[in-house]
Every structure is written in C-alpha cells, then in structure tokens.
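Worksheet: one structure, shown below.
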Amino acid sequence: MSCIGCSGLMLLLLLVACTTSPHSGYVDSPNGRPVPVRQDRNALHQLVKTDLDRLADIEYAENVSTLRLLMLKLYKRNPAEAQKSGLGGPEQIATYVFEQAHVHGWQLEALGHAQDTAAIKLALNPQFGGDRVLALVVGIQSMLYRAHGNKSSFFLLDSIDPQNLYNAARNIEIAMWKLANAKNAQGELLLLTNSLTGEVQNLSFEREFSKLVARTDLLALTLAEKSQRLISRLTQSITTAPFLPFR
C-alpha cells in the first residue's frame, strides 16, 4: 500500500462519519465529532505504516466495534438465543467472541467450527437449533477477517484484495435481507431485528449493518483506485444472489 496523502485524510473523515458511539479510543475534535485514535499511534511500528494502512486499521476496528454492539442488541431482542451456546450471558459471549479470537480462531464447537458464510447460513437455517446470534456474528466477523487477508492490523508490505472486501460487503447486504425474511415452519422470523407490525418503529439494526457495509465498501473502492484494480460488481438481485466467494 502506498501513502495517499490528502485522499487518505478524506477517507479518514468519511470513516469517522460512519463510526459508532465514542469510547476510550477517541478524542474530541474542535467541531464536536469524535475522532478515533489508535492506542499504539506513537509506537515504533507506526513508522512502517502508510496512511492507508492506518485507515485500514481504523476501518477494521470500527467494524469490530459495530459488530459487537449488534451482537448485544440481537441478544436483547432475542434473549433465548444466548442460552443455547453454553458460553454464558450476552456480555460473556461477546467478550469471548471478540477478545479471545486468538484462542478460538473462530472455530467454535457450538457452531460445529463453521466460519464466514457457512456460519451465516447456519444462522439462517430453520433446522439449526443452536445460537443463531452467535452463528451470524461469528460468520460476519470471520468473513471480514478473511476478507482483510486474515489480518486485523496492517503494515507497509501487507496487501488487501479490494474484490474480497467488496464481496464481503455484498454478503452482509445479502445476510441483512435474508435475516429480515427468514422464517421457521410456523411463519415466525428466525431472529427478530427491526420492528414488527404494531411496534414502535426501530431501524437501529439496519443502521448498524449499513455502517459495516459502508466502511467496507469505502475501503474496497479506495484500494481499487490506488492499485488500479477493477472490482467485479454484483449485478444479480440481492433477493436471489448467493453469498459471494473470496479469492
């Protein structure tokens, strides 16, 4: 990856616009919008990072933050799911999934070791009797990790295939549509997200999923522009499109 100067700053501002709520990794900017700050920004290894590497770091970390938030929101909406995994309550499960990835490597016994799109399909399978929230979140997170070249921190010699990022973003969109429509034999939604008929409108799930798509797409298109690599775009309707593979 090469240094992108002003375009890097522009991408940073766009990524900040898609961030989740402020946390300890943020500082306040003059206009009041929180700006993400990497805790290791003064470390020696930052010398071997380009602007685009740092932006990729932020994009990946923000997507992890959003996905963790989504996991907790899904458990709150679907409280019975957390009991199926045997991993404890929602907070315990989220901590295990996101902070112990170096231990489990997304190979969870509760999911039969299914990862990326295989785990997402498990969550959407009416015959699956396990924790659908766990399957969906582990599927999306392991898919994003794979799309980023099996890395969560990026340096000068690293390379991310923009097509893989683009495909991951499309897969999240496909999962969003299937999640809103997948039902069991009794006609009930497999997982509740946005509002049901008669409830107060709640689009918070859609907003968080859209943040994942927007950040991933933005980095994919920026990488493609810098490397002069074409992205093969999906032309099939999202309602009938299969999950896209990685190369």
> Can you find a pair of side-chain heavy atoms, one from Thr95 and one from Arg68, that are under 4.5 Å apart?
Replying inline: yes
> Who pairs with Asn181 by side chain to side chain contact (heavy atoms under 4.5 Å, CB included), at least two apart in sequence or on another chain?
Replying inline: Trp177
> side chain to side chain contact (heavy atoms under 4.5 Å, CB included) between Gln115 and Val138: does it pass, once the steps are laid out?
Replying inline: CA-CA 7 Å; Gln115 298 182 43; Val138 166; 5.6 Å; no
> Between the side chain of Asp57 and the main-chain N/O of Phe154, is any donor-acceptor distance below 3.5 Å?
Replying inline: yes
> Hey, is CD on Glu109 packed in by over 12 heavy atoms from elsewhere, all under 6.0 Å?
Replying inline: no
>> Do Glu81 and Leu74 have side chains that approach each other closer than 4.5 Å (heavy atoms only, starting at C-beta)?
In response: no
> With hydrophobic residues grouped by side-chain heavy-atom distances under 4.5 Å, do Leu191 and Leu70 end up in a single group?
Replying inline: yes
>> Apply side chain to side chain contact (heavy atoms under 4.5 Å, CB included) to residues Arg132 and Leu122 and explain how you reach the verdict.
In response: CA-CA 7 Å; Arg132 296 184 188 279; Leu122 204 59; over 6 Å; no
> Rounded to the nearest 0.5 Å, how far apart are OG of Ser142 and CD1 of Ile120?
Replying inline: 7.0 Å
>> For residues Leu72 and Leu136: do they belong to one hydrophobic cluster (side chain heavy atoms under 4.5 Å, members Ile, Leu, Val, Met, Phe, Trp, Tyr)?
In response: no
>> Between Asp53 and Thr50 (side chain of the first, backbone of the second, donor and acceptor by atom type, cut-off under 3.5 Å), is there such a pair?
In response: yes
> What are the two closest heavy atoms between Ala180 and Leu189, and how far apart are they?
Replying inline: O-CD2, 3.5 Å
> Is it true that a side-chain atom of Arg77 and a backbone atom of Thr193 form a donor plus acceptor pair closer than 3.5 Å?
Replying inline: yes
> OG/Ser85 to CG/Leu111 distance, rounded to the nearest 0.5 angstrom?
Replying inline: 8.5 Å
>> Between Asn63 and Thr66, do the side chains contain a donor N or O and an acceptor N or O under 3.5 Å apart?
In response: no
>> Is it the case that the side chain of Asp131 and the backbone of Lys84 share a donor-acceptor pair, with hydrogens and angles ignored and the cut-off at 3.5 Å?
In response: no
>> Between Lys226 and Pro162, is there a side-chain heavy-atom distance shorter than 4.5 Å?
In response: no
> Within the distance-only criterion (no hydrogens, no angle test), does the side chain of Asn164 pair as donor or acceptor with the backbone N or O of Phe246 below 3.5 angstrom?
Replying inline: no
> Is the side chain of Thr216 donor-acceptor paired with the backbone N or O of Val213 at a distance under 3.5 Å, no angle test?
Replying inline: no
> Ala110 and Phe128: which non-hydrogen atoms are nearest, and at how many Å?
Replying inline: O-CZ, 4.4 Å
>> Are Met71 and Pro90 packed together at the side-chain level, in the sense that at least one heavy-atom pair is separated by less than 4.5 angstrom?
In response: no
> Can any side-chain N or O of Asn171 pair as donor or acceptor with the backbone N or O of Phe243 at less than 3.5 Å?
Replying inline: no
> Atom OG of Ser153 and atom CZ of Arg54: how far apart are they, to the nearest 0.5 Å?
Replying inline: 11.0 Å
>> Given Leu67, which partner from the list Glu208, Gln141, Glu62 fulfils the side chain to side chain contact (heavy atoms under 4.5 Å, CB included) test?
In response: Gln141
> Is the backbone of Gly89 close enough, under 3.5 Å, to the side chain of Gln92 for a donor and an acceptor to pair up by distance?
Replying inline: yes
> Tell me, do Met143 and Thr117 make a side-chain contact under 4.5 Å, heavy atoms counted?
Replying inline: yes
> Counting N and O atoms only, with roles assigned by atom type, does the side chain of Ser65 sit under 3.5 Å from a partner on the main chain of Ala61, one being a donor and the other an acceptor?
Replying inline: no
>> If you compare all heavy atoms of Leu165 against all heavy atoms of Ala220, which two are closest, and at what distance to 0.1 Å?
In response: CB-CB, 3.6 Å
> Atom CH2 in Trp106, atom NE2 in His113: separation rounded to 0.5 Å?
Replying inline: 15.5 Å
> Can Tyr60 and Leu219 be said to form a side chain to side chain contact (heavy atoms under 4.5 Å, CB included), step by step?
Replying inline: CA-CA 10 Å; Tyr60 186 87; Leu219 184 59; over 6 Å; no
> Excluding sequence neighbours, so at least two apart, what forms salt bridge (Lys or Arg N to Asp or Glu O under 4.0 Å) with Arg146?
Replying inline: Asp116
>> To the nearest 0.5 Å, what is the distance between CD on Glu59 and CG on Leu223?
In response: 8.5 Å
>> Using every non-hydrogen atom in the two residues, find where Ala114 and Ala119 come nearest and quote the distance to one decimal.
In response: O-CB, 3.7 Å
>> Could you check whether any side-chain heavy atom of Leu55 comes within less than 4.5 Å of a side-chain heavy atom of Leu52, counting everything from C-beta outward?
In response: yes
>> Do Leu190 and Leu134 land in one hydrophobic cluster if side-chain heavy atoms of ILVMFWY residues count as linked below 4.5 Å?
In response: no
> Parallel, tilted or perpendicular for Tyr96 and His104, by the 30°/60° rule?
Replying inline: tilted
> Do Leu179 and Phe209 pass the side chain to side chain contact (heavy atoms under 4.5 Å, CB included) test, and can you show the C-alpha distance, the side-chain angles, and the key distance before you say yes or no?
Replying inline: CA-CA 11 Å; Leu179 187 63; Phe209 276 116; 4.1 Å; yes
>> Could you check whether any side-chain heavy atom of Ile172 comes within less than 4.5 Å of a side-chain heavy atom of Leu144, counting everything from C-beta outward?
In response: yes
>> The criterion is side chain to side chain donor-acceptor pair (under 3.5 Å); which residues satisfy it with Asp161, sequence neighbours excluded?
In response: Arg247
> How long is the span from the CG atom in Asp217 to the CD1 atom in Ile231, to the nearest 0.5 Å?
Replying inline: 8.0 Å
